[in-house]
Amino acid sequence: MASDPGLLRLTAGLRIVAAIGLTLAVLALLGTDVTHMVAGAMAAMVSTFAIREKNLRGQAITLVWGFPVALAAVSLGALLHSRVIAGDLFFIALIFGAVYFRRFGDRGTALGLMGFQVYFVSLFVNATTDQLPVLAGTLAVAFACSAVARFALVPETPQRVLDRLRGAFRARLAQLVTAQTRLLDAAPEELDDVLDDLRHHTSRLHETALMIQGRLEDGTRDAATASLIQRRIADAEISAERLGMLLLNARSAERADTLTLHLPHAPAPAAGKLLRHEDESTATLRRDLGALHLMVVRPADANRGAAVAQIRNRLLGYRDEERMPPGATLAVQDVFRGIGEAARAVMGLRIALDGPQDESDDSPATTRSREELEAEDMSITGTVALTSTDKEAAEEDDRSGLDRPTTRAAFQVAVGSALAIVGGEFLSSQRWYWAVLTCWVVFLNTASTGEIVIKGYRRVLGTVLGVVAGVLLAGAVGNHTWVAFVLVLVCVFAAFFTAPLSYALMSFFVTAMLGLLYTLLNTYSFDVLVLRIEETALGAACGIIAAMLVLPVRTDSRTDELLATVLERLGDVVAGAVEQLSGGPAADLLDRARDLDTALDDLRASTKPLTHAIAPQRERRQTVRYLVALLETSAYHARSLAATAELVPYSKHVAADPRLGRAARRIAHNIDVLVAQVNDEDLTGAVESGASIAAMLETDGLGVPAANTVTFRVLRHLQRLDEGISGLARPLGVPVGPRT
């Protein structure tokens, strides 16, 4: 559940295998020959994996529309079989249209994919006009079996997916608490590895939270329920991440930098007193982290009884100052408070997901936490924000002409495919379409030249290794037809199960599958698989050349655009949170925070070509990692501010403080300067630096709040934000003004 959130990869693999297996069974009963069985299997595969819509009605409509599109594609493929030039021109036009129609969302993408892939199937099986009646019947069987697999054999509803995602969130939250316990106990020589593990589990929890965010609109019964779940997921994520930071700080000889938790392979800070000897506080921390883990993983129907209530009451009691263990240092006291806040978030998550809990054995601290949660629940009146996909579509509609990404990509892939056809014909007049297929796939889900280069490299690597596997499998199978079909199904499942994790692995299994398919078609030879490598390398090269020469989108330009978006959304979250914390009107801050997370996730993906092992500039790789880590650190503090600010309108313990508006002015100014510099709008601005946020308040005669108050915690987040934003100046080449 934790490794495959929502079981999305497992479901996709099983559904495709079920569709192919059912298609093969029906076609075998109808006495279809092996060639058309292969065509049917490939059609069933594409008609299943191409559909990405979340609701069942949309999936059914797309599947219905897909059949005439596929029928037209295979018919034209057969009609143009002997007309080489006309067939090539039509193929290029089809490729252009398939990419261009992505502008119409998931349905346009699916229909374009079906048209292209089914035309490719007609080339693969050398379809001719006299075969059209049989091919049409084969397509009908394939689409019908795809529908049966999707809606009957391996059904999936938005509600069921969301339920599984919530279970995955709990599982990953439990894994994170386990990693935090390891951090507490790690020996000095183990600390770097444990810290990397902590970063990994923190990132996985964040990934699941974003996946839940994208499913809330379709998976919940109303906007209020979606907003409630969104808030509770955000609370649990923030409190868990904060607990890890507090544990790291308690282990350190001096205050640990939040950046350490987000920068890959950053060295662990020097160990402090907590590491050097076991005392009562350390033993209590270990016990209570185990208790928190129990609260997370214990099933809802078993979350009753006096023992469970005692654990819950003890952990929530740490939210009261008088319940702190005696003799604990200030840093360790912060960890206990973090455990209390995490326990409160877990309880709120349980109430939101599982309904009311047993209150018979509640302590005063637990009762207070329940009252706070109930007050927050009653305040929810907003609606769920658009999902990231919807927002991207809305932004896409504002562009026109060649500025539209789908239009640009359509021209690029059309030119690349034309080059691949010409080059592929020189290599083989029979298998040239492999080069076109590779050129096509390297443009899927890519947005810059760097991403296309990396994807092409992975495609070639996976193909080379897949050829080796294909040779071994084809030799082992021999003339055993049904053994080959079974192994084909295994390879198909493995390809789609691993696709989101590694494109190279997917290419490996697809190439191994092709070796088996050619065995079934009695056209297998070692030379054919070597040709597969040559055509794949040619197609990848043609795609890269087209991306570089035709309306290119440089990786730097793409990352600068996304960086500006991240900074703008970071500014929105901070400004809205500070305004609400200062006594301003309530705003939907968690949605703004999720918009920031989505933008940061896009930026992180766009920088992968710059941080990949094959990227030539090592210093640049380190700079990009540092930049992204600074932004992730700033986003963490912004999320924490937003979560605290959302408590202000209805909490008896978190009050507005007008002093905070003054504290955030420098942050807002510096974000504006960075955005202007990144967008090349104003190169004369400079980032301000100077005294700490708290010192600024003290200089203004406003005073510094007492430690352990909410205002003090807010100031600490603002201070870290101020440092993070100022720290972005150096890697971005923005001048820093004189100290103020």
Side-chain angles (χ1 to χ4, degrees), residues 38 42 45-46 49 88 91-92 95 98-99 113 116-117 119-125 409 412-446 449-474 488 491-492 494-496 498-499 501-519 521 523-548 609 612 614:
V38 169
M42 296 176 72
M45 180 175 68
V46 67
F49 81 76
D88 290 348
F91 200 13
I92 294 172
I95 290 169
V99 176
L113 189 57
F116 170 83
Q117 293 283 9
Y119 189 86
F120 175 82
V121 169
S122 72
L123 298 175
F124 188 81
V125 298
Q412 289 177 327
V413 73
V415 172
S417 297
L419 294 174
I421 289 174
V422 174
E425 288 278 6
F426 279 106
L427 288 176
S428 170
S429 60
Q430 300 296 320
R431 315 290 183 197
W432 57 267
Y433 46 77
W434 278 340
V436 181
L437 179 64
T438 298
C439 182
W440 157 274
V441 298
V442 297
F443 279 93
L444 291 176
N445 301 317
T446 53
T449 303
E451 292 179 39
I452 291 170
V453 170
I454 296 299
K455 193 167 185 180
Y457 156 76
R458 289 171 174 164
R459 176 84 176 184
V460 173
L461 176 63
T463 299
V464 171
L465 297 176
V467 163
V468 176
V471 170
L472 296 176
L473 287 174
V488 164
C491 288
V492 168
F496 286 95
T498 59
L501 302 178
S502 170
Y503 185 70
L505 269 178
M506 180 184 180
S507 300
F508 167 81
F509 285 114
V510 168
T511 303
M513 176 193 71
L514 280 176
L516 291 167
L517 287 180
Y518 279 114
T519 300
L521 295 172
T523 56
Y524 167 78
S525 71
F526 179 73
D527 292 338
V528 168
L529 290 183
V530 171
L531 178 64
R532 162 80 175 170
I533 296 176
E534 296 172 344
E535 296 279 5
T536 298
L538 174 66
C542 291
I544 292 169
I545 291 171
M548 288 180 172
H612 196 274
I614 67 172

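FYI, the numbering just counts along the sequence from 1. Only a predicted model underlies this, so the values are computations on that prediction, with no experimental measurement involved.
- Under the 3.5 Å distance criterion, the side-chain polar atoms of T498 are left unmatched by any main-chain donor or acceptor of L501.
- Once rounded to the nearest 0.5 Å, the distance linking SG of C542 with CD of E535 reads 9.5 Å.
- Residue F124 holds its CZ atom at 5.5 Å from OH of Y433, rounded to the nearest 0.5 Å.
- Shortest non-hydrogen contact noted between A418 and I92 is CB-CD1, 3.7 Å.
- The shortest heavy-atom contact between A499 and M506 is CB-SD, 3.6 Å.
- Once rounded to the nearest 0.5 Å, the distance linking CG of L538 with CG of L531 reads 10.0 Å.
- Aromatic ring centroids of F120 and F91 lie 6.0 Å or more apart.
- Residue R431 holds its CZ atom at 10.0 Å from CG of L514, rounded to the nearest 0.5 Å.
- Taken from CZ in F116 to CD1 in I95, the straight-line distance is 5.0 Å, to the nearest 0.5 Å.
- S429 places no side-chain N or O within 3.5 Å of a backbone atom of E425 that could act as its donor or acceptor partner.
- Considering all non-hydrogen atoms of both residues, A469 and A512 come closest at CB-CB, 4.1 Å.
- The minimum heavy-atom distance linking L113 with V46 is given by the pair O-CG2, 4.1 Å.
- With a 4.5 Å cut-off on side-chain heavy atoms, V464 and F508 do not count as touching.
- Scanning both residues, W432 and G424, for their nearest heavy atoms gives CB-C, 3.5 Å.
- Closest approach of F443 and G543 over heavy atoms only: CZ-O, 3.5 Å.
- Under the 4.5 Å side-chain criterion, counting only non-hydrogen atoms from C-beta, M42 is not in contact with V125.
- S417 contributes no side-chain N or O that, together with a main-chain N or O of A414, makes up a donor-acceptor pair within less than 3.5 Å.
- Taking CG of L427 as the reference point, atom CD of E534 lies at 5.5 Å (rounded to 0.5 Å).
- In this structure, the side chains of F426 and V422 come closer than 4.5 Å at one or more pairs of heavy atoms.
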Name the atoms and distances for all side-chain donor-acceptor pairs under 3.5 Å in residues 451-462, with sequence neighbours left out.
from, atom 1, to, atom 2, distance (Å)
E451, OE1, A447, N, 3.2
K455, NZ, V441, O, 2.9
K455, NZ, L444, O, 2.6
R459, NH1, Y503, OH, 3.1

